[in-house]
Each structure stands twice: as C-alpha cells, then as structure tokens.
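Here the structure is laid out as structure tokens; the discussion comes afterwards.
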Amino acid sequence: MGPPGAGKGTQAARIVDAHGLVHLATGDILRHEIREGTPLGVEARTYVESGRLVPDEIIIKMISSRMLAASRGSGFLLDGFPRTLAQAESLDRTIEAHGVSLDAVLYVRVPDEVLLSRLGGRRSCEGCERVYHTTANPPSQPGICDACGGRLVVRKDDSADVIAERLRVYQAETAPVTAHYRRKGLLREIDGQRPIESIGAGIDDLLREVGVR
Ligand code: AP5
C-alpha cells in the first residue's frame, strides 16, 4: 500500500522476482484491459484516466479469481488492492473462506512533494508495465524497456490535474485502509524516501521476519 508514486510497483517487481510470487497489480490489470479494449477495459477507462477509483464490485470480481488461482501456487503479492474499506473487508472474507492468510501489509510512506516529482518523471513500459524514472531509475537506452524492449510512455493519469485527483482520492478512500491493517497487527511501515535498493533491502528484512522465504 501507499500513495500514487510511492514506489509500490517498483518494489513489487523486485519482491516477486526474488520470492517467486505472482504479482497481482490492479492498476496493471486495468491498463492491460483498457489497451485490449475488453468490456472490462471499456467500463474502467474513464475512471482510470480521470484518477477516480473503479467501483468496488468490478475490482473485487476482477481480482478474486486471479487471487484464488495464485494462492494454489507459491503465493501472491497484491499491489494497489485493497484501496477502500469495502475492498479490504471483501478480501478478509475471501481469504478466510479459502483458508489463505496474509503474511504482511507493506505500507510505503512518502510525502506529497516527493510523489509529484516521481510521477512527473515516470516512464512506463507499454508492453510489461515495468516502471522507470528519467533521473532516479533510467532505462539503459532512452525510451526502451530493459526487460522486454517495449516502448516507454507517460501514463495518461500522470498529468498534473489527474495526479492531484489521485492524491485526493487516496487520502479520502485509501488512507483509512491502513488503519484497518494496523488494527489487525499486519501493517509494516516503510520509509519510501530512500534509494530504491535500500528500500528493497529493508523490505527483504521485513519479509524474512514474517516468514516469507
Ligand atoms: P495504480 O496503477 O495502482 O496507480 P497508483 O496507486 O496511483 O500507483 P502508481 O502506479 O502511480 O505508483 P507506484 O506506487 O506503483 O509507484 P512506481 O513504482 O510506479 O492505479 C491506477 C488507477 O487504476 C487508479 O487511479 C484507479 O483508477 C484504478 N485502480 C487501481 N487499483 C484500484 C482498486 N483497487 N480500486 C479501484 N480502482 C483501482 O514509482 C513511481 C515513480 O517513482 C517511477 O518513475 C519510479 O521509477 C520512481 N521511484 C520509485 N521508487 C523510487 C525511489 N525510492 N526513489 C526515487 N524514485 C523512485
């Protein structure tokens, strides 16, 4: 968890590679569906591109089947879900019903002024969604993804007005979800202002503490 631009996707890519987990990122799934023009993509497009949340029932349906399939393997990492209390409560019910448990909820804390410069310099791969930053995390060749050779683009929701809306929505809808997990004793706070590798090393320590190998 964490606000837009906190570095969730950047750290998630490292974690799933290192621990052999399935990466379930609701934003990535939605952007893929939008690019493919599927019925879900058509329904979600205006929400995603204007920085509003896609309605809970659509998101819950979209993620539940993927999560249950992944839980039968070596485990999964949720990125960008849950984002409302209704989503968190639905997740609680789903995992309880299927005998799955959450090891930890990682919350990456970053102040707003840092988020703005991160989102302003972000470039994302059209093909595999890997993220870069023009100065903090540049690709080896400008405009080309190191991982898949795809084209790097500026996300439609990384314009200044949509970023402002995403930050507002985060405070109103998603920040309260951290309290839900703090009450359950699952929340682990991470200082997201350090360099990418140093945050990653801190997350590895946390994951070891909660028994994720
Ligand atoms: P989503 O794709 O989840 O967007 P987000 O939460 O706004 O998060 P971002 O992807 O913008 O940021 P991030 O934290 O992953 O940061 P990143 O690693 O890229 O969701 C998009 C939209 O989909 C939502 O607005 C909504 O419409 C919809 N949606 C998704 N999930 C939903 C749900 N559950 N319910 C309803 N609607 C949903 O890093 C950012 C930049 O910073 C990069 O350039 C990176 O290289 C750089 N960077 C990262 N770490 C560092 C560091 N330590 N130092 C310097 N630079 C860094």
Side-chain angles (χ1 to χ4, degrees), residues 1-16 23-34 40-41 43-64 66-67 77-88 90-91 106-125 128-139 145-146 152-159 161-175 177 190-203:
M1 297 192 66
K8 302 181 295 294
T10 301
Q11 294 300 333
R14 282 189 72 262
I15 297 169
V16 296
H23 185 187
L24 295 175
T26 42
D28 291 354
I29 297 169
L30 290 167
R31 280 185 291 279
H32 175 79
E33 299 282 337
I34 291 170
L40 167 61
E43 209 171 355
R45 179 174 211 131
T46 37
Y47 295 101
V48 173
E49 291 182 357
S50 63
R52 287 177 296 141
L53 293 183
V54 175
D56 288 335
E57 58 277 15
I58 298 178
I59 292 289
I60 290 166
K61 189 168 160 214
M62 178 184 97
I63 198 78
S64 297
R66 288 171 166 86
M67 197 171 61
L77 176 75
L78 293 167
D79 169 3
F81 175 88
R83 236 165 159 111
T84 63
L85 280 173
Q87 291 179 18
S90 162
L91 175 62
L106 306 177
Y107 165 47
V108 186
R109 211 171 355 90
V110 178
D112 280 6
E113 61 277 15
V114 178
L115 299 175
L116 295 178
S117 90
R118 287 194 186 170
L119 292 172
R122 173 164 59 189
R123 300 293 179 271
S124 307
C125 177
C128 69
E129 295 282 347
R130 187 152 290 234
V131 292
Y132 299 85
H133 190 275
T134 47
T135 54
N137 183 24
C145 177
D146 293 346
L152 301 185
V153 295
V154 175
R155 259 169 55 174
K156 281 221 166 90
D157 59 347
D158 278 347
S159 63
D161 53 335
V162 181
I163 290 173
E165 175 65 2
R166 287 160 64 203
L167 291 173
R168 189 196 65 74
V169 168
Y170 175 80
Q171 285 307 331
E173 305 276 349
T174 309
V177 181
I190 292 153
D191 172 8
Q193 284 200 80
R194 294 168 295 148
I196 291 171
E197 291 70 27
S198 151
I199 297 171
I203 290 177

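The analysis underlying the following values was restricted to heavy atoms, covering all of them including side chains, and did not include hydrogens, waters or symmetry mates. Whatever order the structure lists ligands and atoms in, that order sets their numbers, starting from 1.
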Exercise. How far does OG1 of Thr174 sit from CG of Leu53, to the nearest 0.5 angstrom?
Worked result: 5.5 Å
For this session: Please identify which atoms of ligand 1 are closer than 4.0 Å to at least one heavy atom of Gly9.
Result: 13 (P), 15 (O), 18 (O)
Problem set entry | atom 9 (P) of ligand 1: the protein heavy-atom neighbour that sits closest, reported with distance to 0.1 Å | Arg122 NH1, 3.2 Å
Exercise. What is the minimum heavy-atom distance between Thr84 and Val177, and which atoms define it?
Worked result: C-CG2, 3.4 Å
Exercise. How close does the nearest protein non-hydrogen atom get to atom 54 (N) of ligand 1, and which residue and atom is it?
Worked result: Arg118 NH2, 3.3 Å
Exercise. Which bit of Tyr132 is near ligand 1, meaning a heavy atom under 4.0 Å away: side chain, backbone, both or neither?
Worked result: backbone
Problem set entry | atom 4 (O) of ligand 1 [closest protein heavy-atom partner, distance rounded to 0.1 Å] | Arg155 NH2, 3.3 Å
Exercise. Which atoms of ligand 1 have any heavy atom of Ala6 under 4.0 Å away?
Worked result: 14 (O), 16 (O)
Exercise. Relative to the heavy atoms of Gln87, which atoms of ligand 1 are at a distance of less than 4.0 Å?
Worked result: 33 (C), 34 (N), 35 (N), 36 (C)
Exercise. Counting from 1, what ligand 1 atoms have a heavy atom of Pro3 closer than 4.0 Å?
Worked result: 14 (O)
For this session: Check whether any side-chain heavy atom of Glu49 sits under 4.5 Å from a side-chain heavy atom of Val162, and report yes or no.
Result: no
Exercise. Could you state the interatomic distance from OG (Ser90) to CD (Glu57), rounded to the nearest 0.5 Å?
Worked result: 11.0 Å
Seminar exercise, completed: ligand 1 atoms nearer than 4.0 angstrom to some heavy atom of Asn137 are 46 (O)
For this session: Using distance alone, determine whether Leu30 and ligand 1 share an N or O pair under 3.5 Å.
Result: no
Problem set entry | Atom pair CZ/OG1 of Arg118 and Thr135 - distance to nearest 0.5 Å | 10.5 Å
Exercise. Which heavy-atom pair separates Gln87 from Asp56 by the least distance, and what is that distance?
Worked result: NE2-OD1, 3.0 Å
Exercise. Of the backbone atoms (N, CA, C, O) and the side-chain heavy atoms from C-beta on, which set of Leu53 has a member under 4.0 Å from an atom of ligand 1: side chain, backbone, both, or neither?
Worked result: both
Exercise. At a non-hydrogen distance cut-off of under 4.0 Å, which region of Ala136 contacts ligand 1 (side chain, backbone, both, or neither)?
Worked result: side chain
Seminar exercise, completed: Closest non-hydrogen contact found for Val131 with Ser124 is CG1-OG, 3.8 Å
Exercise. Considering only heavy atoms, does Ile199 approach ligand 1 within less than 4.0 Å through its side chain, its backbone, both, or neither?
Worked result: side chain
Exercise. For ligand 1, does Ile196 get within less than 4.0 Å through its side chain, its backbone, both, or neither, judged by non-hydrogen atoms?
Worked result: both
Exercise. Is there a nitrogen or oxygen of Asp79 sitting under 3.5 Å from a nitrogen or oxygen of ligand 1?
Worked result: no
Exercise. Does at least one non-hydrogen atom of Arg194 fall below 4.0 angstrom from an atom of ligand 1?
Worked result: yes
Exercise. How far is atom 12 (O) of ligand 1 from its nearest protein heavy atom, and which residue and atom is that?
Worked result: Gly5 N, 2.9 Å
Seminar exercise, completed: Looking only at protein heavy atoms, what sits closest to atom 31 (N) of ligand 1 is Thr26 OG1, 2.7 Å
Problem set entry | Pairwise distance CE(Met1) to CZ(Phe81) - rounded to 0.5 angstrom | 10.5 Å
Exercise. Any idea which heavy atoms bring Tyr132 and Asp146 closest together, and the distance?
Worked result: OH-N, 2.8 Å
For this session: Look only at interatomic distance and state if Gly51 has a nitrogen or oxygen under 3.5 Å from any nitrogen or oxygen of ligand 1.
Result: no
What pairs of donor and acceptor atoms, side-chain ones from residues 107-117 against any protein atom, are under 3.5 angstrom apart with sequence neighbours left out?
unit_1 : atom_1 : unit_2 : atom_2 : d
Arg109 : NE     : Glu189 : OE1    : 2.7
Arg109 : NH2    : Glu189 : OE1    : 3.3
Ser117 : OG     : Val114 : O      : 3.4

Exercise. Shortest non-hydrogen contact from Gly9 to Asp79?
Worked result: CA-OD2, 3.5 Å
For this session: Any chance you could measure Glu173, atom CD, to Arg52, atom CZ, to the nearest 0.5 Å?
Result: 11.5 Å
Exercise. Below 4.5 Å, heavy atoms only, C-beta onward: do Ile63 and Ile29 meet side chain to side chain?
Worked result: yes
Problem set entry | Proximal ligand 1 atoms for Leu119, defined as those under 4.0 Å from one of its heavy atoms | 11 (O)
Exercise. Is there any N or O on Arg83 that sits under 3.5 Å from an N or O of ligand 1?
Worked result: yes
Exercise. Side chain or backbone of Val54 under 4.0 Å from ligand 1, or both, or neither, by non-hydrogen atoms?
Worked result: both
Problem set entry | Basic-acidic side-chain contact under 4.0 Å: Arg166, Asp158 | yes
For this session: Starting from atom 27 (O) of ligand 1, locate the nearest protein heavy atom and write down its residue, its atom name and how far away it is, to 0.1 Å.
Result: Arg52 O, 2.6 Å
For this session: Select one of side chain, backbone, both or neither to describe which atoms of Gln11 lie under 4.0 Å from any atom of ligand 1, heavy atoms only.
Result: neither
Problem set entry | Numbered atoms of ligand 1 (with element) below 4.0 Å of Val131, judged on heavy atoms | 18 (O), 19 (O)
Exercise. How far is atom 49 (C) of ligand 1 from its nearest protein heavy atom, and which residue and atom is that?
Worked result: Thr10 OG1, 3.5 Å
Exercise. Going by the order shown, which atoms of ligand 1 are within less than 4.0 Å of some heavy atom of Arg31?
Worked result: 2 (O), 21 (C)
Problem set entry | Arg130 CZ to Thr10 OG1 distance, which is reported to the nearest 0.5 Å | 9.5 Å
Exercise. Side chains of Arg31 and Arg155: does their closest heavy-atom pair fall under 4.5 Å?
Worked result: yes
Problem set entry | Check: Lys156 side chain, Ser50 main-chain N or O, donor-acceptor pair, under 3.5 Å | no
For this session: Could you tell me whether some N/O pair between Pro195 and ligand 1 is separated by less than 3.5 angstrom?
Result: no
For this session: Examine the proximity of ligand 1 to Pro82 and report which part, side chain or backbone, both or neither, has a heavy atom under 4.0 Å away.
Result: neither
For this session: For atom 22 (C) of ligand 1, find the nearest protein heavy atom and state the residue, atom name and distance (0.1 Å precision).
Result: Val48 CG1, 4.1 Å
